[in-house]
Number of protein chains: 2
Amino acid sequence: MTQDPRPSKREETRRENERLILSAAEKVFAEAGFGGATMQLIADVAGLPKANLHYYFTTKEELYRRVVQDIFEIWLHAADSFDNAPDPATGIGAYIDAKMNISRHHPHGSKVWASEVMHGAPVIQDYLEGTLRDWTNGRIAAIQGWIDAGQMAPIDPRHLLYMLWATTQHYADFGHQVETLNNGAPLSDADWKLASDNIKTIILRGIGAA
Amino acid sequence: MTQDPRPSKREETRRENERLILSAAEKVFAEAGFGGATMQLIADVAGLPKANLHYYFTTKEELYRRVVQDIFEIWLHAADSFDNAPDPATGIGAYIDAKMNISRHHPHGSKVWASEVMHGAPVIQDYLEGTLRDWTNGRIAAIQGWIDAGQMAPIDPRHLLYMLWATTQHYADFGHQVETLNNGAPLSDADWKLASDNIKTIILRGIGAA
DNA sequence: ACACAAGCTGACCAAGCGGTCAAGAAAATT
DNA sequence: AATTTTCTTGACCGCTTGGTCAGCTTGTGT
């Protein structure tokens with residue numbers, strides 16, 4: 001027992017409070033947008049006094065930035081499924097599954113990202129021009145490799161990527177519309193599987209990799 | 001000259017001012033969201049005093065509702081290309097072209113619609129449950145007809161529709177991201193054609209209608 | 001030419017906003 | 001047990017917001 005267990009009470013409640021605030025902020029920012037969200041509402045959802053929020057996150061923008069960053073991180077990790085795949089059907093299929101899972105289990109985050117980009121990315125423009133651009137160019141090269149190897153049809157890799165993003169994120173960003181057209185009911189397990197399978201079928205066949 | 005030419009000065013300026021305000025509002029709502037938009041900014045963009053906006057549109061919400069309604073109208077008309085098509089390649093191909101044209105020439109409107117739906121459609125829920133649901137069911141029946149006639153593969157019509165909406169609207173809603181990944185430059189005529197062709201190729205081949 | 005209606009707008013207001021702060025409570029360190 | 005550091009919070013502040021309104025200008029019908 002010479003090891004230090006270390007989670008001091010201070011650190012623990014700090015972590016817990018940050019988690020509470022970030023979770024509440026993600027929800028409120030997703031539902032109201034940056035401009036429509038209020039620190040008071042986030043505080044209420046988190047169950048903390050407003051002044052306490054400003055202790056952990058000095059400004060509204062700083063809190064918002066953290067929320068967007070966290071989402072971006074998750075979003076990038078979905079690409080792991082993409083890498084080291086032997087062929088497009090495996091790689092792209094796994095990527096679609098991963099992104100659909102994010103849409104299902106992280107819809108708030110997806111909406112915040114969408115909102116941010118739609119409004120001209122005032123807060124995360126540097127990410128778009130840095131990490132995202134690099135990531136994109138990497139995947140474009142990978143797809144081009146598959147095309148050159150004759151494993152799929154010669155479509156434009158960039159627009160294929162946009163198609164993958166658009167189709168999968170639609171189920172998060174436009175989830176409310178999807179649910180309404182599903183007679184107001186959330187998608188069932190079977191619905192989600194049907195959606196994923198349809199997307200994979202159409203795209204993989206469409207790029208000649210099925 | 002017994003005919004009444006009728007555009008009295010009053011009506012003319014009224015029409016012109018409403019047009020100015022709606023155009024400015026569309027832009028500002030798209031760039032800042034409902035919560036982030038201010039009547040003062042809309043007034044500045046329109047080149048009118050703020051009090052004048054409240055003369056034509058009593059509340060911010062009323063103005064916003066008009067903007068969303070106008071967009072929905074345009075959006076629905078794009079479906080005309082869908083109808084009376086002899087086969088899926090023609091009908092869906094024309095629909096993709098029409099929606100891509102809207103994304104290119106009406107990006108603000110598309111963003112306002114996306115924002116509204118993402119935030120739970122607080123203002124236009126009745127449209128989703130009424131007009132949109134009817135429209136959707138109609139197209140689903142049309143697609144199912146093509147499937148039954150053996151003109152395309154048996155995919156789920158509903159999710160195919162979502163795919164069409166998602167892929168085409170992506171170029172409006174995420175236009176900023178697309179431009180950034182295009183090295184900060186707007187898409188050229190050739191880029192837009194490439195995008196449309198890619199979408200049509202992949203989807204039409206993907207549903208076995210190519 | 002007149003009178004009435006429609007259109008316009010600067011000045012104003014209550015409400016709600018993001019953010020601050022001083023003073024106290026709780027935990028860690030000595 | 002004393003002291004220092006971190007955390008917590010109600011009360012508060014300056015500022016912006018959506019919206020109002022009285023008084024003015026402009027257009028229309030007679």
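Residue numbers start from 1 in every chain, and the chains themselves are labelled A, B, ... in the order their sequence lines are given, proteins ahead of strands.
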Q: In whole angstrom, what separates B/Glu62's CD from D/dG19's C1'?
A: 13 Å
Q: Could you pull out all residues at least two apart from B/Arg19 that satisfy side-chain hydrogen bond (donor to acceptor under 3.5 Å, both in side chains)?
A: B/Glu16
Q: In whole Å, I'd like the distance from the CG atom of B/Leu48 to the P atom of C/dG10.
A: 11 Å
Q: Whole angstroms only, please: what is the CG-P distance between B/Asn52 and D/dC24?
A: 18 Å
Q: For B/Asn17 and C/dA6, give me the distance from atom CG to atom C1', rounded to whole Å.
A: 13 Å
Q: Between B/His170 and B/Gln177, is any side-chain donor less than 3.5 angstrom from a side-chain acceptor?
A: no
Q: Answer yes if the ring centres of B/His159 and A/Tyr171 are under 6.0 angstrom apart, and no otherwise.
A: yes
Q: Just call it for B/Phe57: base, sugar-phosphate, or nothing, with non-hydrogen atoms closer than 4.0 Å on any strand.
A: nothing
Q: Send over the distance from B/Leu53 CG to D/dG18 P, rounded to a whole Å.
A: 11 Å
Q: How does protein reach along nucleotides 14-21 of chain C, written 5' to 3' as B (base within reach of a heavy atom under 4.0 Å), S (only sugar-phosphate), or - (no contact)?
A: ---SBBBB
Q: At under 4.0 Å between heavy atoms, which parts of nucleotides 22-30 of chain C does protein reach? Answer with one letter per nucleotide, 5' to 3': B base, S sugar-phosphate only, - none.
A: ----BBS--
Q: Can you name the closest pair of heavy atoms from A/Ala114 and B/Phe174 and give their distance?
A: CB-CZ, 3.7 Å
Q: Rounded to the Å, how far apart are B/Asp44 CG and C/dT9 P?
A: 13 Å
Q: Please confirm whether B/Trp165 and B/Trp113 have ring centers closer than 6.0 angstrom.
A: no
Q: Examine D/dC21: is either OP1 or OP2 under 4.0 Å from a nitrogen or oxygen in the side chain of B/Tyr55? Give yes or no.
A: no
Q: Which atom pairs, one a donor and one an acceptor, fall under 3.5 Å between side chains of residues 42-58 of chain B and the rest of the protein, sequence neighbours left out?
A:
unit_1	atom_1	unit_2	atom_2	d
B/Asp44	OD1	B/Gln40	NE2	3.2
B/Tyr56	OH	B/Asn17	ND2	3.1
B/Thr58	OG1	B/Glu62	OE1	3.4

Q: Listed in order of residue number, which residues of residues 20-27 of chain A have a non-hydrogen atom at under 4.0 Å from DNA chain C?
A: none
Q: Indicate whether the side chain of B/Gln125 and that of B/Glu129 have a donor and an acceptor atom separated by less than 3.5 Å.
A: yes
Q: Compile the donor-acceptor pairs under 3.5 Å between side chains in residues 189-199 of chain A and protein atoms, sequence neighbours left out, one pair per line.
A:
unit_1	atom_1	unit_2	atom_2	d
A/Asp189	OD1	A/Arg104	NH2	2.6
A/Asp191	OD2	A/Ser188	N	2.9
A/Asp191	OD2	A/Ser188	OG	3.1
A/Lys193	NZ	A/Asp197	OD2	2.6
A/Ser196	OG	A/Trp192	O	3.2
A/Asn198	OD1	B/Asp156	N	3.0
A/Asn198	ND2	A/Leu194	O	3.2

Q: Among A/Arg133, A/Glu116, A/Gln69, find the residue that satisfies the side-chain hydrogen bond (donor to acceptor under 3.5 Å, both in side chains) test when tested with A/Tyr127.
A: A/Gln69
Q: Quick one: does any side-chain atom of B/Arg65 pair with a main-chain N or O of B/Ile124 as donor and acceptor, under 3.5 Å?
A: no
Q: Would you check if the distance from the ring center of A/His119 to the ring center of B/Phe29 is below 6.0 Å?
A: no
Q: Let me know the distance between CD of B/Glu18 and C1' of C/dA6, rounded to the nearest Å.
A: 14 Å
